[in-house]
Amino acid sequence: MLSDPTLADHHRDHLRTLLARYQGALTQEGIGGVVIYAGAPQDHFLDDTAASWKPNPHFSLFAPLPDAAGSAVLIPASGAPELLHLQADDFWHAPPRSPEGPWLDVLPATLVMSERARDQLIAAWAARCAGPTVALGPGHPDPTALRHRVDFARAEKTPYELVCLRAANLRAVRGHRAVAEGFRAEDSEFELHLRYLAATGHEDHELPYTNIIGLNERGAILHYHHRTRDRGPSRSLLIDAGASAGGYAADITRTYAREAGVFQDLITAMDALQQGIVARLAPGVPWASLQDATMEALADVLIESGIARGSKAALLEAGVPERFMPHGLGHLLGIQVHDAGGQLANAEGDLTPPPANHPALRLTRTLTPEMVVTVEPGLYFIPSFLRTLRAGRERELLNWPLIETLTPFGGIRIEDNVRITPEGPENLTRDAFAGAPAP
Ligand code: GLY
Ligand code: MN
Ligand code: MN
């Protein structure tokens, strides 16, 4: 991917944009410079092995490195940035691969052989900065005002980031296709996961988040991370699985039924609902209004499918759709799967909390061009919520025999990654499934 000369230009431009954002924020906060530490893996308690690890996302935004542990990026309020790449002399492990690529023209790298050498260079650099410096990374006091400024800005993706996000979608779609085939072959959840890794070429720890692969009623467990090994005929599959390109995440969900019938009809209805919401994405639209629109459309699906008997107004008044979709419509997407800054009202760090009836909403901003968001409506048969509904006044609004028929199928979620533009939404995920050339 990085050998394409146009991409190299995009990458350098991306780094210049980032640098301008961070330096603008430093100047506004009266800070002389920031050390962005990648961090390092932590060993398990009383053990000498570590869990899988991801660098500080602020580090990864600047330096897309597979071997980042212990490294740091130095950004003075004015002047050139620098990457200190730690390559400790360690015969137990493979040495870190050295950074390479045209992006180093903008972010020159210095190799350091020890943490001590790194810290000496940082101290000398800080002494040259025009003003006090701060650190941004694990184990350091959070420079919150500075972080809010750069997090607010990063919601709008650069052309380089869009190339990465499209590539991540193409990669994830390869995995999704392989898993759809595995579902037809009656694979276990564990086997489906292995198919996904093979098709995307990812190791488990390289995925942007742990795969959610739930057969049957396990599709109703929103963050289902187990993988049963039971093979054999299954009714339904919910797969929420991403992929990574240049460090950027795809976040895609699809739901399948083995046979035609009422659950497949619900999947078709939810797919139409999802595309209806995607069509409304435009600059100036408050995200919370789309959450409300989703609840209205979900009430329609509940009524038209025969799951609910009451009027739409009665269902909405009683908060019934929220019991079938207890999560937010979506979130910002980028170097992190739940990208930062979704509830920031402005660069100064004022927050817009989620509305009381949608406490799980991660995104409360108004859409602007070049934001990339997920759109992921769902409809689940979650036993604990169903018990609550059945015990309350809402009982009369629902068709319990049909709900009992559908509960063994788990649930439905359809999730795409979408770029906001004034000309209309760009659906990165549907384009990837369709094999469309990038714009
Ligand atoms: N895969 C996590 C999410 O959809 O937000
Ligand atoms: Mn997802
Ligand atoms: Mn998501």
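Model, not experiment: these values are computed from the prediction. Read the numbers this way: they start at 1 and go in the same order the structure lists the ligands and their atoms.
- Within the model, atoms CG of Leu363 and CD of Gln343 stand 8.5 Å from one another, a figure rounded to the nearest 0.5 Å.
- Distances from ligand 1 to the non-hydrogen atoms of His331 include at least one value under 4.0 Å.
- Looking only at its N/O/S atoms, Glu415 has OE1 as the one nearest to the Mn ion (ligand 2).
- The distance between the ring centers of Tyr380 and Phe385 does not fall below 6.0 angstrom.
- Distances below 4.0 Å separate heavy atoms of Glu376 from the following atoms of ligand 1: 3 (C), 4 (O), 5 (O).
- Panel note: side chain Arg365, backbone Gly341; a donor-acceptor pair is recorded below 3.5 Å.
- For Tyr256 (side chain) and Ala180 (main-chain N/O), no donor-acceptor pair under 3.5 Å exists by modelled atom type.
- The Mn ion (ligand 3) has an N, O or S atom of His331 under 2.8 Å away, backbone or side chain.
- Considering backbone and side-chain N/O atoms, Asp240 comes within less than 3.5 Å of an N/O atom of ligand 1.
- The residue Thr374 has no part lying near ligand 1, judged by heavy-atom distances below 4.0 Å.
- Within ligand 1, the atoms closer than 4.0 Å to a non-hydrogen atom of Tyr209 are 1 (N), numbered from 1 in the order shown.
- Look at Glu376 and the Mn ion (ligand 2): no N/O/S atom of the residue is under 2.8 Å from the metal.
- The shortest N or O to N or O distance between Glu415 and ligand 1 is under 3.5 Å.
- What you find for Asn56 and Pro138 is that their closest heavy atoms are CB-CD, 4.4 Å.
- Here the heavy atom of the protein found nearest to atom 3 (C) of ligand 1 is Asp251 OD2, 3.3 Å.
- In this structure, a donor-acceptor pair under 3.5 Å is absent between the side chains of Glu426 and Thr421.
- Although no hydrogens or angles enter the test, the distance criterion places a donor-acceptor pair under 3.5 Å between the side chain of Glu189 and the main chain of Leu215.
- Asp251 contributes OD1 as its N, O or S atom closest to the Mn ion (ligand 2).
- Checking Val73, Ile335, Ile36 one by one against His58, the side-chain contact (heavy atoms from CB on, under 4.5 Å) holds for a single residue, Ile36.
- Each of the following atoms of ligand 1 lies closer than 4.0 Å to a heavy atom of His338: 2 (C), 3 (C), 5 (O).
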